[in-house]
Amino acid sequence: MFGVISRWIRHLTARYPRNARALVIREALKGVQAASLRGSAFTVAVQCLEDPFYFGLFGAICQRLRNTAGAVAELVVVRSISGAVGTGWQQRLGRSSVVGLVVSAQWIRAFRGVIDRVAYRSLSLAHPLADLLDWLRSYRIWRSLKGSTDITGLEVLGVPTGDLLNDSYLRFRPAPRFDSTDWFVIRLIWQAHRDVRRARKYFSSRRPHVYLTSYATYLEHGIPARVALQEGVRVYSFGNFVQIGKELSLSDWFHTPDTSSYRATFESLENKAERLALAEQQLNLRLSGEIDTATSYMRVSAYSPTSEPLPDVAAAVIVFLHDFYDSPHVYQDLVFPDFWSWACFTIDTLQSAGIKFYAKPHPNQVSRSSEALEELAKRYPGLPLLSERITNVQLAAAGILCGVTVYGSVSHELAYLSVPTIACARHPHHAFDFCRTARTVEQYRRYLLTPEQVPLTKEEMRRQALAFYYMHNLHGDAEVLSLRQRFVSFWKTCNTSTVSDAVLTQSFQELCDSPPFMAHIERICVDFCPSWKANTSAGLEREPQSASI
């Protein structure tokens, strides 16, 4: 107990975040003095995250916008439910307003010099009466749920938040499935009310020209993005490696890339044979056990060589399980509320039909997923589970019939190996035909009961899989590909504990100094401040911008 209290005291009394990576990046940011043009009316709001990658990325963007367009930068401090994972006393303390304000202040001080002021704080104590009314509203909503297992259609103060509430519960409770009777749901709904009210006040009154966010899922990311869009503020997300700085909209507020035009765009390209050959070369590298750009988020390749024994999977359906605690609503049109209900429905359907199948755990799931797997095994005694180390190359070579996923990358990987798949969300491959994609539960059931159906010839499946891979990972001019490479490189250095401070600083500076990064930010300037080029070319006097946070 004394050790825990001592750690809390050291954590809360520090001037800056107790995050060595962030402090290294802060020193690099100090190398460029903030400045602005007189009379600037360009305001950029950025998300404050306790993450060295986004701290560096958004700090660098703000510096660039300040120095080229004289932008005023404001910080949206979203820390709330994300303050801890779990519901014990330490986790409740971590989510408390007092601790949240202290920890957020450390990050705000770290941003000083590139941020002018705080936009708003999710855990502000400035409006106790409104917070009390929010709690009463939340309690009434919670009582009205009456044990519902799907709240994805729920709105809070006119903002669709059901999917955000659902995913925040799975991640931060944590739990493999949503339980509306849990008291923690009230806490989530209450925070949703507070976030919507604070975000709406800020975005409707201050009306920044642009809001920069990391992801668009969970309460902390999704609510500011959705409210900003409702208020007519343009929102850019940096939550995927394909469309860096994706502009969100009211019809697509997901941070995942929009892949709906992939097929048509590829067919319009010249030299398709050469592009397919390049895609095949790169995809074969992944299948041999190397981690490519598309799978750089994974700790271990799903295709690492293994001597794991393979059971008789010939003519079997393989259910590729997801991380039960991950956010399921990162794509549109998800048929099920969470991965648990999807897995149970899939197993029930296949078992009742007598269809041979195996379930394969996700190779990069969080450690808690083992508990969910144990619970799944208790629910289904004798559940045929494969080792997560068995590769899809082995499964395809052994003659599996079909793969089943919600929206995983396994779809195009299996298609290249001449195996069809079934999915049930608007996944990255939905523009192609090698995966049968269900739009309803009943359609999904029909697909599961006909796993032998093959939508395409093996040759066409392979071709479409390579076309997808090319569009998703290799398409773009030199500037786009260079920006993606530096973006991923900086992300990796921030998330690799063995990387030295010098290498981290170098990776950060290479991103900031790269012409593609500067051009990317300048395009935002042109969108929101068309006169910036005229101002800078006229040589208007610059003056230091004081920080008021």
Sequence neighbours left out, what passes salt bridge (charged side-chain N to carboxylate O under 4.0 Å, His left out) with [X]? Give chain and number order.
{"X": "R21", "value": "none"}
{"X": "D252", "value": "K246"}
{"X": "D163", "value": "R226"}

To the closest 0.5 Å, what do you measure between [atom1] ([X]) and [atom2] ([Y])?
{"X": "D338", "Y": "D326", "atom1": "CG", "atom2": "CG", "result": "12.0 Å"}
{"X": "T405", "Y": "F320", "atom1": "OG1", "atom2": "CZ", "result": "8.0 Å"}
{"X": "R95", "Y": "F172", "atom1": "CZ", "atom2": "CZ", "result": "8.0 Å"}
{"X": "C48", "Y": "L75", "atom1": "SG", "atom2": "CG", "result": "4.5 Å"}
{"X": "Q106", "Y": "L23", "atom1": "CD", "atom2": "CG", "result": "10.0 Å"}
{"X": "Y236", "Y": "T213", "atom1": "OH", "atom2": "OG1", "result": "14.0 Å"}

Exercise for review: For the pair F53 and F487, evaluate ring-ring contact (aromatic ring centres under 6.0 Å, His included) and give the outcome as yes or no after the intermediate values.
Suggested key: CA-CA 10 Å; F53 172 73; F487 188 83; 5.2 Å; yes
Pair [X]-[Y], side-chain donor/acceptor within less than 3.5 Å:
{"X": "H412", "Y": "T421", "value": "no"}
{"X": "Y470", "Y": "R275", "value": "yes"}
{"X": "S80", "Y": "S122", "value": "no"}
{"X": "R187", "Y": "Q191", "value": "yes"}

Sub-4.5 Å side-chain heavy-atom contact between [X] and [Y]:
{"X": "V319", "Y": "W342", "result": "yes"}
{"X": "H329", "Y": "T152", "result": "yes"}
{"X": "T256", "Y": "Y407", "result": "no"}
{"X": "I244", "Y": "R484", "result": "yes"}
{"X": "V76", "Y": "Y120", "result": "yes"}
{"X": "L321", "Y": "L376", "result": "yes"}
{"X": "L417", "Y": "L287", "result": "yes"}
{"X": "H209", "Y": "L65", "result": "no"}

Is there a donor-acceptor pair closer than 3.5 Å between any side-chain N or O of [X] and the backbone N or O of [Y]?
{"X": "T161", "Y": "L164", "result": "no"}
{"X": "Q47", "Y": "V78", "result": "no"}
{"X": "N392", "Y": "E413", "result": "no"}
{"X": "S482", "Y": "A478", "result": "no"}
{"X": "S489", "Y": "Q485", "result": "no"}
{"X": "R234", "Y": "V210", "result": "no"}
{"X": "N166", "Y": "G162", "result": "no"}
{"X": "S507", "Y": "V503", "result": "no"}
{"X": "T496", "Y": "T493", "result": "no"}
{"X": "S288", "Y": "L285", "result": "yes"}

Exercise for review: For residues Y469 and Y416, establish whether the separation of their ring centroids is below 6.0 Å.
Suggested key: no
Review point. Is the ring centre of F111 less than 6.0 Å from the ring centre of F55?
Key: yes
Check your understanding: Can you list the steps and then say if V185 with D179 is a side-chain contact (heavy atoms from CB on, under 4.5 Å)?
Key -> CA-CA 8 Å; V185 176; D179 179 6; 6.0 Å; no
Review point. Could you walk me through whether Q243 and D258 pass the side-chain contact (heavy atoms from CB on, under 4.5 Å) check?
Key: CA-CA 8 Å; Q243 291 176 315; D258 177 10; 4.1 Å; yes
Minimum heavy-atom distance [X]-[Y], with the two atoms named:
{"X": "S327", "Y": "T217", "value": "OG-OG1, 2.7 Å"}
{"X": "C62", "Y": "V46", "value": "SG-CG1, 3.6 Å"}
{"X": "A71", "Y": "R66", "value": "O-CG, 3.2 Å"}
{"X": "V235", "Y": "A228", "value": "CG2-CB, 3.7 Å"}
{"X": "L123", "Y": "R194", "value": "CD2-NH1, 3.9 Å"}
{"X": "D477", "Y": "V480", "value": "OD1-N, 2.8 Å"}

Exercise for review: If a pair satisfies side chain to side chain donor-acceptor pair (under 3.5 Å) and one of its residues is in residues 168-178, list it, with sequence neighbours excluded.
Suggested key: T87-R173, Y169-D182, R173-D182, R177-E375
Practice item. Show your reasoning for whether side-chain contact (heavy atoms from CB on, under 4.5 Å) applies to S82 and Y218. Key: CA-CA 9 Å; S82 59; Y218 304 125; over 6 Å; no
Check your understanding: How would you list, by chain and number, every residue that makes a ring pair (Phe, Tyr, Trp, His ring centres under 6.0 Å) with Y54, sequence neighbours excluded?
Key -> F58, Y215
Check your understanding: Going by the angle between their ring planes, with limits at 30° and 60°, are F432 and F434 parallel, tilted or perpendicular?
Key -> parallel
Check your understanding: Angle class for the F508/F490 ring planes (parallel below 30°, perpendicular above 60°, tilted otherwise)?
Key -> tilted
Revision key, fill the gap. Residues 43-56 vs salt bridge (Lys or Arg N to Asp or Glu O under 4.0 Å), sequence neighbours excluded, gives E50-R79
Practice item. For the pair H427 and T437, evaluate side chain to side chain donor-acceptor pair (under 3.5 Å) and give the outcome as yes or no after the intermediate values. Key: CA-CA 8 Å; H427 52 87; T437 304; 2.6 Å; yes
Review point. What do the steps show when you test F339 against L170 for side-chain contact (heavy atoms from CB on, under 4.5 Å), and what is the final call?
Key: CA-CA 10 Å; F339 295 131; L170 303 180; over 6 Å; no
